[in-house]
Undergrad: 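Sharing a structure with you now.
By convention in this document, chain letters (A, B, ...) are assigned in the order of the sequence lines, proteins followed by strands, and residues within each chain are numbered from 1. Given the structure is predicted, the values throughout are model-derived calculations rather than measurements.
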2 protein chains.
Amino acid sequence: MPPTDELSPQERAAPRRALDRAVVVEEAIAMIDAEGLEALTMRSLGARLGVEAMALYRHVNGREDLLEAIVDSLVDSIAVDPGDLFEPADGWQAFLQWMAHSVRSLAVAHPAVFPLVATRHPAAPWLRPPLRSLRVVEGFLDGLTRRGFTDGQAVEAYRVFTSFLLGHLLLEVATLGATTSPVEEPLDEGGAAVRPPGEEVSVEDFPTILRTAPLLSEDHTVEEFERSLEALLDRLDLVLSQ
Amino acid sequence: MPPTDELSPQERAAPRRALDRAVVVEEAIAMIDAEGLEALTMRSLGARLGVEAMALYRHVNGREDLLEAIVDSLVDSIAVDPGDLFEPADGWQAFLQWMAHSVRSLAVAHPAVFPLVATRHPAAPWLRPPLRSLRVVEGFLDGLTRRGFTDGQAVEAYRVFTSFLLGHLLLEVATLGATTSPVEEPLDEGGAAVRPPGEEVSVEDFPTILRTAPLLSEDHTVEEFERSLEALLDRLDLVLSQ
DNA sequence: CCCCAATGTTTACGACGTAAACATCGGACC
DNA sequence: GGTCCGATGTTTACGTCGTAAACATTGGGG
(Lines give C-alpha, C1' and ligand atoms only; values in the text may rest on other atoms or scores of the structure.)
Protein backbone atom coordinates (compact mmCIF):
# COMPACT_ATOMS: atom_id res chain seq x y z
CA MET A 1 0.00 0.00 0.00
CA PRO A 2 1.25 3.52 -0.78
CA PRO A 3 2.57 5.74 2.02
CA THR A 4 0.12 8.51 1.00
CA ASP A 5 -2.19 6.92 3.54
CA GLU A 6 -0.59 8.79 6.43
CA LEU A 7 -2.40 11.32 8.53
CA SER A 8 -3.18 14.52 6.69
CA PRO A 9 -2.01 17.72 8.43
CA GLN A 10 -5.34 18.70 9.98
CA GLU A 11 -5.90 15.20 11.20
CA ARG A 12 -2.77 15.50 13.30
CA ALA A 13 -3.49 18.83 14.89
CA ALA A 14 -7.24 19.21 14.69
CA PRO A 15 -8.97 18.96 18.05
CA ARG A 16 -12.22 18.52 16.21
CA ARG A 17 -13.44 15.43 14.45
CA ALA A 18 -14.95 15.40 11.02
CA LEU A 19 -18.60 16.27 11.38
CA ASP A 20 -21.42 14.04 10.34
CA ARG A 21 -24.86 13.21 11.66
CA ALA A 22 -23.69 10.37 13.87
CA VAL A 23 -20.95 12.48 15.46
CA VAL A 24 -23.33 15.35 16.14
CA VAL A 25 -25.85 13.04 17.80
CA GLU A 26 -23.23 11.23 19.80
CA GLU A 27 -21.71 14.44 21.08
CA ALA A 28 -25.15 15.78 21.95
CA ILE A 29 -25.80 12.73 24.10
CA ALA A 30 -22.44 13.12 25.80
CA MET A 31 -23.27 16.76 26.45
CA ILE A 32 -26.63 15.96 28.03
CA ASP A 33 -25.01 13.32 30.18
CA ALA A 34 -22.40 15.79 31.31
CA GLU A 35 -24.41 18.98 31.76
CA GLY A 36 -28.09 18.16 31.59
CA LEU A 37 -30.78 18.55 28.99
CA GLU A 38 -31.28 22.28 29.36
CA ALA A 39 -27.60 22.89 28.70
CA LEU A 40 -27.94 21.43 25.21
CA THR A 41 -28.13 24.34 22.85
CA MET A 42 -27.36 24.59 19.19
CA ARG A 43 -24.70 27.13 19.99
CA SER A 44 -23.20 25.24 22.91
CA LEU A 45 -23.18 21.95 21.02
CA GLY A 46 -21.49 23.69 18.13
CA ALA A 47 -18.90 25.14 20.45
CA ARG A 48 -18.27 21.70 21.92
CA LEU A 49 -17.57 20.44 18.42
CA GLY A 50 -15.38 23.44 17.59
CA VAL A 51 -17.86 24.80 15.11
CA GLU A 52 -20.50 27.51 14.75
CA ALA A 53 -24.07 26.60 15.57
CA MET A 54 -25.25 26.87 11.98
CA ALA A 55 -22.80 24.21 10.87
CA LEU A 56 -24.94 21.64 12.67
CA TYR A 57 -27.79 22.34 10.29
CA ARG A 58 -25.88 20.61 7.51
CA HIS A 59 -26.34 17.34 9.36
CA VAL A 60 -29.51 17.80 11.35
CA ASN A 61 -32.82 19.41 10.42
CA GLY A 62 -33.00 21.70 13.43
CA ARG A 63 -33.23 21.12 17.12
CA GLU A 64 -36.35 18.94 17.09
CA ASP A 65 -34.79 16.64 14.56
CA LEU A 66 -31.67 16.43 16.72
CA LEU A 67 -33.70 15.41 19.78
CA GLU A 68 -35.52 12.84 17.70
CA ALA A 69 -32.22 11.48 16.46
CA ILE A 70 -30.89 11.30 20.01
CA VAL A 71 -33.88 9.24 21.10
CA ASP A 72 -33.63 6.98 18.06
CA SER A 73 -29.96 6.47 18.64
CA LEU A 74 -30.45 5.40 22.23
CA VAL A 75 -33.42 3.18 21.49
CA ASP A 76 -31.49 1.49 18.72
CA SER A 77 -28.83 0.59 21.24
CA ILE A 78 -31.30 -1.65 23.00
CA ALA A 79 -30.16 -5.22 22.60
CA VAL A 80 -33.02 -7.38 21.57
CA ASP A 81 -32.41 -11.09 21.64
CA PRO A 82 -29.81 -11.79 18.95
CA GLY A 83 -31.40 -15.15 18.32
CA ASP A 84 -28.22 -17.12 18.60
CA LEU A 85 -27.59 -16.07 22.14
CA PHE A 86 -30.77 -17.60 23.40
CA GLU A 87 -32.36 -20.65 22.02
CA PRO A 88 -36.13 -20.53 22.11
CA ALA A 89 -35.81 -23.39 24.53
CA ASP A 90 -34.33 -20.97 27.05
CA GLY A 91 -37.84 -19.78 27.58
CA TRP A 92 -39.51 -16.44 27.33
CA GLN A 93 -38.66 -15.60 30.91
CA ALA A 94 -34.95 -15.45 30.19
CA PHE A 95 -35.74 -13.53 27.03
CA LEU A 96 -37.74 -10.89 28.87
CA GLN A 97 -35.18 -10.66 31.64
CA TRP A 98 -32.55 -10.01 29.04
CA MET A 99 -34.57 -7.29 27.36
CA ALA A 100 -35.50 -5.65 30.64
CA HIS A 101 -31.91 -5.40 31.73
CA SER A 102 -30.85 -4.19 28.34
CA VAL A 103 -33.29 -1.28 28.57
CA ARG A 104 -32.39 -0.62 32.16
CA SER A 105 -28.69 -0.38 31.40
CA LEU A 106 -29.51 2.18 28.74
CA ALA A 107 -31.47 4.24 31.25
CA VAL A 108 -28.78 4.06 33.89
CA ALA A 109 -26.08 4.92 31.39
CA HIS A 110 -27.92 8.07 30.29
CA PRO A 111 -30.20 9.16 33.11
CA ALA A 112 -30.54 12.70 31.84
CA VAL A 113 -31.58 11.56 28.37
CA PHE A 114 -34.05 8.91 29.42
CA PRO A 115 -36.91 11.32 30.17
CA LEU A 116 -36.66 12.32 26.53
CA VAL A 117 -37.04 8.71 25.44
CA ALA A 118 -39.97 8.41 27.81
CA THR A 119 -41.95 11.50 26.96
CA ARG A 120 -41.43 12.41 23.33
CA HIS A 121 -44.31 11.44 21.09
CA PRO A 122 -43.46 8.26 19.22
CA ALA A 123 -43.85 7.95 15.47
CA ALA A 124 -46.98 5.82 15.77
CA PRO A 125 -49.43 5.75 18.68
CA TRP A 126 -48.92 2.02 19.21
CA LEU A 127 -45.15 2.44 19.53
CA ARG A 128 -44.85 2.70 23.29
CA PRO A 129 -41.84 4.20 25.03
CA PRO A 130 -39.29 3.12 25.88
CA LEU A 131 -39.59 0.33 23.27
CA ARG A 132 -40.39 2.74 20.51
CA SER A 133 -38.55 1.56 17.45
CA LEU A 134 -39.83 -0.82 14.84
CA ARG A 135 -36.73 -2.96 15.15
CA VAL A 136 -37.07 -3.39 18.89
CA VAL A 137 -40.81 -4.05 18.78
CA GLU A 138 -40.33 -6.57 16.00
CA GLY A 139 -37.67 -8.31 18.04
CA PHE A 140 -39.86 -8.29 21.11
CA LEU A 141 -42.96 -9.70 19.44
CA ASP A 142 -41.04 -12.18 17.37
CA GLY A 143 -39.05 -13.34 20.37
CA LEU A 144 -42.20 -14.08 22.30
CA THR A 145 -44.21 -15.70 19.52
CA ARG A 146 -41.25 -17.92 18.67
CA ARG A 147 -41.39 -19.04 22.29
CA GLY A 148 -45.01 -20.03 22.27
CA PHE A 149 -46.95 -16.82 22.80
CA THR A 150 -49.96 -16.24 20.58
CA ASP A 151 -50.00 -12.92 18.76
CA GLY A 152 -52.52 -11.59 21.24
CA GLN A 153 -50.48 -12.66 24.22
CA ALA A 154 -47.33 -11.14 22.77
CA VAL A 155 -49.05 -7.82 22.18
CA GLU A 156 -50.48 -7.82 25.67
CA ALA A 157 -47.06 -8.62 27.05
CA TYR A 158 -45.68 -5.70 25.06
CA ARG A 159 -48.13 -3.40 26.73
CA VAL A 160 -47.54 -4.46 30.32
CA PHE A 161 -43.82 -4.66 29.71
CA THR A 162 -43.54 -1.11 28.41
CA SER A 163 -45.64 0.23 31.28
CA PHE A 164 -43.41 -1.57 33.71
CA LEU A 165 -40.17 -0.32 32.20
CA LEU A 166 -41.39 3.23 31.85
CA GLY A 167 -42.59 3.54 35.42
CA HIS A 168 -39.62 1.94 37.08
CA LEU A 169 -36.86 3.41 35.00
CA LEU A 170 -38.24 6.93 34.98
CA LEU A 171 -38.34 6.87 38.75
CA GLU A 172 -34.92 5.32 38.92
CA VAL A 173 -33.25 7.94 36.77
CA ALA A 174 -35.09 10.63 38.74
CA THR A 175 -33.48 9.52 41.99
CA LEU A 176 -30.19 9.13 40.17
CA GLY A 177 -30.48 12.68 38.96
CA ALA A 178 -31.31 13.83 42.47
CA THR A 179 -28.21 12.34 44.02
CA THR A 180 -25.90 13.32 41.17
CA SER A 181 -27.39 16.67 40.28
CA PRO A 182 -25.23 19.80 40.51
CA VAL A 183 -26.37 21.01 43.90
CA GLU A 184 -29.31 20.89 46.23
CA GLU A 185 -31.29 24.11 45.94
CA PRO A 186 -31.98 26.08 49.11
CA LEU A 187 -35.67 25.63 48.23
CA ASP A 188 -36.50 29.00 49.76
CA GLU A 189 -35.58 32.49 48.79
CA GLY A 190 -36.58 35.97 49.70
CA GLY A 191 -39.16 36.79 47.08
CA ALA A 192 -42.63 37.92 46.18
CA ALA A 193 -44.97 35.04 46.75
CA VAL A 194 -43.26 33.21 49.57
CA ARG A 195 -45.42 31.99 52.40
CA PRO A 196 -45.47 33.98 55.61
CA PRO A 197 -43.44 32.00 58.13
CA GLY A 198 -46.51 31.34 60.23
CA GLU A 199 -48.18 28.92 57.85
CA GLU A 200 -45.14 27.20 56.43
CA VAL A 201 -45.81 23.57 55.70
CA SER A 202 -43.18 21.20 56.92
CA VAL A 203 -42.53 17.53 57.34
CA GLU A 204 -43.25 18.05 61.03
CA ASP A 205 -46.97 18.24 60.29
CA PHE A 206 -47.07 14.75 58.81
CA PRO A 207 -46.60 12.18 61.55
CA THR A 208 -46.67 9.10 59.35
CA ILE A 209 -44.06 10.50 57.02
CA LEU A 210 -41.99 11.56 59.99
CA ARG A 211 -42.21 8.10 61.48
CA THR A 212 -41.38 6.28 58.24
CA ALA A 213 -38.77 8.78 57.05
CA PRO A 214 -35.82 6.41 57.49
CA LEU A 215 -37.61 3.79 55.43
CA LEU A 216 -38.64 6.28 52.79
CA SER A 217 -35.14 7.54 52.16
CA GLU A 218 -33.66 4.09 51.71
CA ASP A 219 -32.76 3.40 48.10
CA HIS A 220 -34.18 0.12 46.89
CA THR A 221 -34.39 0.84 43.19
CA VAL A 222 -32.39 -2.19 42.15
CA GLU A 223 -34.17 -4.88 44.19
CA GLU A 224 -37.46 -3.17 43.45
CA PHE A 225 -36.81 -3.49 39.74
CA GLU A 226 -35.86 -7.14 40.03
CA ARG A 227 -38.78 -8.10 42.22
CA SER A 228 -41.34 -6.22 40.18
CA LEU A 229 -39.94 -7.85 37.07
CA GLU A 230 -40.32 -11.23 38.70
CA ALA A 231 -43.89 -10.38 39.64
CA LEU A 232 -44.62 -9.35 36.08
CA LEU A 233 -43.21 -12.60 34.73
CA ASP A 234 -45.27 -14.56 37.21
CA ARG A 235 -48.36 -12.71 36.13
CA LEU A 236 -47.64 -13.41 32.48
CA ASP A 237 -47.07 -17.04 33.32
CA LEU A 238 -50.49 -17.18 34.90
CA VAL A 239 -52.16 -15.56 31.91
CA LEU A 240 -50.34 -17.96 29.59
CA SER A 241 -51.36 -21.09 31.38
CA GLN A 242 -55.06 -20.43 31.19
CA MET B 1 -76.74 47.93 53.44
CA PRO B 2 -75.49 50.97 51.56
CA PRO B 3 -75.83 51.02 47.78
CA THR B 4 -72.12 51.85 47.45
CA ASP B 5 -71.69 48.09 47.37
CA GLU B 6 -72.62 47.88 43.70
CA LEU B 7 -70.22 46.76 41.01
CA SER B 8 -67.44 49.20 40.39
CA PRO B 9 -67.10 50.33 36.78
CA GLN B 10 -64.25 48.06 35.80
CA GLU B 11 -65.97 45.09 37.36
CA ARG B 12 -68.88 45.57 34.98
CA ALA B 13 -66.97 45.91 31.77
CA ALA B 14 -63.69 44.18 32.51
CA PRO B 15 -63.20 40.95 30.59
CA ARG B 16 -60.33 40.14 32.87
CA ARG B 17 -60.47 38.77 36.36
CA ALA B 18 -58.52 40.12 39.26
CA LEU B 19 -55.08 38.56 39.14
CA ASP B 20 -53.61 36.48 41.86
CA ARG B 21 -51.36 33.45 42.06
CA ALA B 22 -54.22 30.96 41.96
CA VAL B 23 -55.80 32.58 38.91
CA VAL B 24 -52.49 32.68 37.06
CA VAL B 25 -51.84 29.01 37.76
CA GLU B 26 -55.38 27.98 36.87
CA GLU B 27 -55.29 29.84 33.58
CA ALA B 28 -51.89 28.39 32.77
CA ILE B 29 -53.29 24.89 33.21
CA ALA B 30 -56.26 25.74 31.02
CA MET B 31 -53.89 27.07 28.41
CA ILE B 32 -51.75 23.93 28.38
CA ASP B 33 -54.87 21.80 28.11
CA ALA B 34 -56.05 23.87 25.17
CA GLU B 35 -52.86 24.49 23.22
CA GLY B 36 -50.13 22.27 24.61
CA LEU B 37 -47.14 22.80 26.83
CA GLU B 38 -44.94 24.53 24.31
CA ALA B 39 -47.62 27.16 23.71
CA LEU B 40 -47.37 28.30 27.32
CA THR B 41 -45.27 31.42 27.29
CA MET B 42 -45.07 34.26 29.76
CA ARG B 43 -46.18 36.60 27.01
CA SER B 44 -48.99 34.40 25.72
CA LEU B 45 -50.29 33.64 29.19
CA GLY B 46 -50.25 37.33 29.97
CA ALA B 47 -52.18 38.04 26.79
CA ARG B 48 -54.73 35.39 27.70
CA LEU B 49 -55.26 37.17 31.01
CA GLY B 50 -55.43 40.58 29.34
CA VAL B 51 -52.15 41.70 30.84
CA GLU B 52 -48.52 42.22 29.93
CA ALA B 53 -46.10 39.37 30.56
CA MET B 54 -44.28 41.21 33.31
CA ALA B 55 -47.46 41.54 35.36
CA LEU B 56 -47.29 37.82 36.03
CA TYR B 57 -44.06 38.28 37.92
CA ARG B 58 -46.00 39.94 40.75
CA HIS B 59 -47.61 36.59 41.48
CA VAL B 60 -45.08 34.05 40.31
CA ASN B 61 -41.31 33.95 40.66
CA GLY B 62 -40.61 33.34 37.00
CA ARG B 63 -41.44 30.55 34.62
CA GLU B 64 -39.88 27.74 36.62
CA ASP B 65 -41.87 28.72 39.68
CA LEU B 66 -45.01 28.79 37.57
CA LEU B 67 -44.43 25.27 36.32
CA GLU B 68 -43.76 24.13 39.85
CA ALA B 69 -46.98 25.73 40.99
CA ILE B 70 -48.89 24.05 38.18
CA VAL B 71 -47.61 20.65 39.24
CA ASP B 72 -48.35 21.34 42.90
CA SER B 73 -51.83 22.50 42.07
CA LEU B 74 -52.64 19.35 40.13
CA VAL B 75 -51.10 17.00 42.67
CA ASP B 76 -53.02 18.72 45.44
CA SER B 77 -56.22 17.92 43.59
CA ILE B 78 -55.60 14.22 44.18
CA ALA B 79 -58.27 12.93 46.48
CA VAL B 80 -56.73 10.85 49.18
CA ASP B 81 -59.11 8.89 51.35
CA PRO B 82 -61.16 11.46 53.26
CA GLY B 83 -61.39 9.07 56.19
CA ASP B 84 -65.10 9.32 56.58
CA LEU B 85 -65.79 8.00 53.12
CA PHE B 86 -64.10 4.71 53.78
CA GLU B 87 -63.97 2.96 57.05
CA PRO B 88 -60.77 1.05 57.61
CA ALA B 89 -62.99 -1.98 57.52
CA ASP B 90 -63.50 -1.38 53.82
CA GLY B 91 -60.04 -2.72 53.38
CA TRP B 92 -56.91 -1.42 51.81
CA GLN B 93 -57.89 -2.74 48.42
CA ALA B 94 -60.81 -0.34 48.14
CA PHE B 95 -58.57 2.41 49.45
CA LEU B 96 -55.91 1.81 46.81
CA GLN B 97 -58.51 1.49 44.08
CA TRP B 98 -59.92 4.83 45.12
CA MET B 99 -56.50 6.49 45.05
CA ALA B 100 -55.54 4.96 41.74
CA HIS B 101 -58.65 6.22 40.06
CA SER B 102 -58.27 9.60 41.65
CA VAL B 103 -54.83 9.97 40.13
CA ARG B 104 -55.97 8.56 36.84
CA SER B 105 -58.83 11.02 36.54
CA LEU B 106 -56.31 13.81 37.08
CA ALA B 107 -54.13 12.49 34.28
CA VAL B 108 -57.01 12.06 31.88
CA ALA B 109 -58.38 15.50 32.69
CA HIS B 110 -55.03 17.16 31.89
CA PRO B 111 -53.13 14.90 29.54
CA ALA B 112 -50.83 17.64 28.34
CA VAL B 113 -49.83 18.62 31.87
CA PHE B 114 -49.27 15.15 33.23
CA PRO B 115 -45.81 14.69 31.71
CA LEU B 116 -44.81 17.71 33.76
CA VAL B 117 -46.07 16.03 36.92
CA ALA B 118 -44.20 12.92 35.91
CA THR B 119 -40.81 14.30 34.98
CA ARG B 120 -40.11 17.40 37.05
CA HIS B 121 -37.71 16.80 39.89
CA PRO B 122 -39.66 16.49 43.14
CA ALA B 123 -38.74 18.46 46.25
CA ALA B 124 -37.22 15.42 47.98
CA PRO B 125 -35.74 12.33 46.32
CA TRP B 126 -38.15 10.03 48.15
CA LEU B 127 -41.18 11.96 46.91
CA ARG B 128 -42.04 9.91 43.87
CA PRO B 129 -44.18 11.21 41.02
CA PRO B 130 -47.04 11.29 40.56
CA LEU B 131 -47.66 11.13 44.34
CA ARG B 132 -45.24 13.92 45.05
CA SER B 133 -46.79 16.05 47.73
CA LEU B 134 -46.38 15.61 51.46
CA ARG B 135 -50.12 15.70 51.96
CA VAL B 136 -50.78 12.91 49.47
CA VAL B 137 -47.95 10.72 50.71
CA GLU B 138 -49.06 11.19 54.29
CA GLY B 139 -52.58 10.20 53.33
CA PHE B 140 -51.31 7.20 51.43
CA LEU B 141 -49.08 5.85 54.18
CA ASP B 142 -51.53 6.64 56.93
CA GLY B 143 -54.38 5.07 55.00
CA LEU B 144 -52.46 1.83 54.64
CA THR B 145 -51.03 1.61 58.14
CA ARG B 146 -54.47 2.28 59.59
CA ARG B 147 -55.60 -0.71 57.60
CA GLY B 148 -53.05 -3.11 58.93
CA PHE B 149 -49.91 -2.49 56.92
CA THR B 150 -46.65 -2.25 58.80
CA ASP B 151 -44.59 0.85 58.09
CA GLY B 152 -42.30 -1.17 55.90
CA GLN B 153 -45.14 -2.65 53.92
CA ALA B 154 -46.75 0.74 53.44
CA VAL B 155 -43.53 2.23 52.13
CA GLU B 156 -43.00 -0.69 49.79
CA ALA B 157 -46.56 -0.33 48.58
CA TYR B 158 -45.88 3.36 47.97
CA ARG B 159 -42.98 2.46 45.74
CA VAL B 160 -44.70 -0.13 43.60
CA PHE B 161 -47.84 1.99 43.44
CA THR B 162 -46.05 5.06 42.14
CA SER B 163 -44.17 3.02 39.56
CA PHE B 164 -47.43 1.52 38.41
CA LEU B 165 -49.25 4.84 38.15
CA LEU B 166 -46.37 6.57 36.42
CA GLY B 167 -45.91 3.93 33.77
CA HIS B 168 -49.54 3.40 32.94
CA LEU B 169 -50.72 6.98 33.04
CA LEU B 170 -47.80 8.40 31.12
CA LEU B 171 -48.49 5.94 28.33
CA GLU B 172 -52.19 6.60 28.50
CA VAL B 173 -51.86 10.36 28.15
CA ALA B 174 -49.36 9.81 25.35
CA THR B 175 -51.90 7.90 23.28
CA LEU B 176 -54.51 10.44 24.24
CA GLY B 177 -52.25 13.17 22.98
CA ALA B 178 -51.65 11.26 19.77
CA THR B 179 -55.32 10.90 18.91
CA THR B 180 -56.22 14.43 19.99
CA SER B 181 -53.10 16.23 18.90
CA PRO B 182 -53.36 19.03 16.32
CA VAL B 183 -52.42 17.08 13.24
CA GLU B 184 -50.44 14.07 12.18
CA GLU B 185 -47.12 15.16 10.79
CA PRO B 186 -46.17 13.99 7.32
CA LEU B 187 -43.12 12.41 8.99
CA ASP B 188 -41.03 13.02 5.88
CA GLU B 189 -39.88 16.12 4.21
CA GLY B 190 -37.47 17.11 1.51
CA GLY B 191 -34.36 18.00 3.47
CA ALA B 192 -30.71 17.54 4.13
CA ALA B 193 -30.30 14.28 5.98
CA VAL B 194 -33.18 12.23 4.66
CA ARG B 195 -32.45 8.67 3.71
CA PRO B 196 -32.04 7.87 0.04
CA PRO B 197 -35.24 6.13 -1.08
CA GLY B 198 -33.39 2.89 -1.60
CA GLU B 199 -32.80 2.09 2.06
CA GLU B 200 -35.96 3.53 3.55
CA VAL B 201 -37.13 1.50 6.52
CA SER B 202 -40.78 0.65 6.55
CA VAL B 203 -43.26 -1.47 8.43
CA GLU B 204 -43.11 -3.83 5.48
CA ASP B 205 -39.76 -5.10 6.66
CA PHE B 206 -41.12 -6.32 9.98
CA PRO B 207 -43.33 -9.32 9.45
CA THR B 208 -44.39 -9.82 13.05
CA ILE B 209 -45.44 -6.21 13.41
CA LEU B 210 -47.22 -6.42 10.10
CA ARG B 211 -49.06 -9.51 11.19
CA THR B 212 -50.04 -8.15 14.61
CA ALA B 213 -50.76 -4.63 13.42
CA PRO B 214 -54.52 -4.84 13.99
CA LEU B 215 -53.92 -6.00 17.55
CA LEU B 216 -51.29 -3.37 18.18
CA SER B 217 -53.49 -0.49 17.17
CA GLU B 218 -56.38 -1.50 19.39
CA ASP B 219 -56.78 0.79 22.36
CA HIS B 220 -56.97 -1.14 25.61
CA THR B 221 -55.72 1.51 28.00
CA VAL B 222 -58.72 1.34 30.29
CA GLU B 223 -58.93 -2.43 30.79
CA GLU B 224 -55.16 -2.59 30.91
CA PHE B 225 -55.13 -0.13 33.78
CA GLU B 226 -57.82 -2.01 35.66
CA ARG B 227 -56.27 -5.41 35.18
CA SER B 228 -52.76 -4.29 36.06
CA LEU B 229 -54.15 -2.60 39.14
CA GLU B 230 -55.82 -5.84 40.11
CA ALA B 231 -52.57 -7.70 39.57
CA LEU B 232 -50.74 -5.21 41.75
CA LEU B 233 -53.29 -5.60 44.53
CA ASP B 234 -53.02 -9.38 44.30
CA ARG B 235 -49.29 -9.12 44.55
CA LEU B 236 -49.52 -6.87 47.60
CA ASP B 237 -51.96 -9.28 49.14
CA LEU B 238 -49.47 -12.07 48.71
CA VAL B 239 -46.66 -10.07 50.28
CA LEU B 240 -48.93 -9.13 53.16
CA SER B 241 -49.98 -12.63 54.00
CA GLN B 242 -46.50 -13.95 54.41
C1' DC C 1 -6.88 23.89 -14.66
C1' DC C 2 -11.15 24.97 -13.47
C1' DC C 3 -15.31 24.52 -11.46
C1' DC C 4 -18.68 22.83 -8.37
C1' DA C 5 -20.70 20.56 -4.58
C1' DA C 6 -20.04 20.08 0.15
C1' DT C 7 -19.12 22.15 4.33
C1' DG C 8 -18.61 25.83 7.61
C1' DT C 9 -19.24 31.15 8.70
C1' DT C 10 -21.46 35.62 9.01
C1' DT C 11 -25.13 38.30 9.60
C1' DA C 12 -29.65 39.03 10.80
C1' DC C 13 -34.44 38.51 12.66
C1' DG C 14 -38.09 37.40 15.73
C1' DA C 15 -39.45 35.14 20.06
C1' DC C 16 -38.33 34.14 24.47
C1' DG C 17 -37.40 34.99 29.88
C1' DT C 18 -36.69 38.62 32.85
C1' DA C 19 -34.27 42.87 35.26
C1' DA C 20 -35.22 47.70 36.19
C1' DA C 21 -37.43 51.91 36.11
C1' DC C 22 -41.73 53.96 35.76
C1' DA C 23 -46.91 54.81 36.05
C1' DT C 24 -51.27 54.31 38.34
C1' DC C 25 -54.40 54.08 41.91
C1' DG C 26 -57.16 52.89 45.97
C1' DG C 27 -57.19 52.79 50.84
C1' DA C 28 -54.87 54.00 55.67
C1' DC C 29 -53.91 57.45 58.53
C1' DC C 30 -53.44 62.20 60.39
C1' DG D 1 -60.16 65.77 53.09
C1' DG D 2 -55.79 65.68 51.66
C1' DT D 3 -51.48 63.03 51.56
C1' DC D 4 -48.67 59.38 51.29
C1' DC D 5 -47.63 54.50 50.36
C1' DG D 6 -47.80 49.85 49.04
C1' DA D 7 -49.63 46.94 45.63
C1' DT D 8 -50.27 46.16 40.93
C1' DG D 9 -49.51 46.67 35.99
C1' DT D 10 -46.56 48.82 32.00
C1' DT D 11 -42.54 50.20 29.38
C1' DT D 12 -38.21 49.61 27.94
C1' DA D 13 -34.25 47.04 27.41
C1' DC D 14 -30.84 43.19 27.40
C1' DG D 15 -29.01 38.68 26.53
C1' DT D 16 -30.02 34.10 24.65
C1' DC D 17 -32.34 31.10 21.88
C1' DG D 18 -33.54 28.72 17.08
C1' DT D 19 -32.86 29.42 12.46
C1' DA D 20 -33.24 31.67 7.50
C1' DA D 21 -30.17 33.51 4.00
C1' DA D 22 -26.20 34.96 1.87
C1' DC D 23 -21.48 34.31 1.74
C1' DA D 24 -16.62 32.12 2.05
C1' DT D 25 -13.66 28.19 1.60
C1' DT D 26 -11.86 24.17 -0.20
C1' DG D 27 -10.81 19.72 -2.04
C1' DG D 28 -11.58 16.41 -5.66
C1' DG D 29 -13.31 15.14 -10.62
C1' DG D 30 -14.14 16.70 -15.60
Undergrad: Within a strict 4.5 Å, meaning less than it, do heavy atoms of the A:E35 and A:S44 side chains meet?
TA: no
Undergrad: Output the rounded distance in Å from OH (A:Y57) to C1' (C:dT10).
TA: 15 Å
Undergrad: Map A:E52 and B:M42 onto DNA chain C by nearest heavy atom, then report which one ends up closer to the 5' terminus.
TA: A:E52
Undergrad: Counting only side-chain heavy atoms from C-beta out, which of C:dG17, D:dT19, D:dT10 sits nearest to A:R63?
TA: D:dT19
Undergrad: Counting C-beta onward and ignoring hydrogens, is there a side-chain heavy-atom pair between B:P130 and B:L166 closer than 4.5 Å?
TA: yes
Undergrad: B:L67 has an atom CG; how far is it from atom C1' of C:dG17, in whole Å?
TA: 12 Å
Undergrad: Go nucleotide by nucleotide along DNA chain D from the 5' end; which of B:L19 and B:R43 gets its closest nucleotide reached first?
TA: B:L19
Undergrad: CE of A:M54 versus P of C:dC13: gap in Å, rounded?
TA: 15 Å
Undergrad: For B:L66 and C:dC16, what is the distance between atoms CG and P respectively, to the nearest whole Å?
TA: 15 Å
Undergrad: Round to a whole Å and report the spacing from CG of A:N61 to P of D:dT19.
TA: 10 Å
Undergrad: When the ring planes of B:H168 and B:F225 are compared, do they come out parallel, tilted or perpendicular, using 30° and 60° as the limits?
TA: perpendicular
Undergrad: Just verifying a value: how many Å separate B:Y57 OH and B:R63 CZ, rounded to the nearest 0.5 Å?
TA: 9.0 Å
Undergrad: Which whole-number value in Å describes the distance from B:L56 CG to D:dA7 C1'?
TA: 16 Å
Undergrad: Rounded off to whole Å, could you give me the CD-to-P distance for the B:E64 and C:dT18 pair?
TA: 8 Å
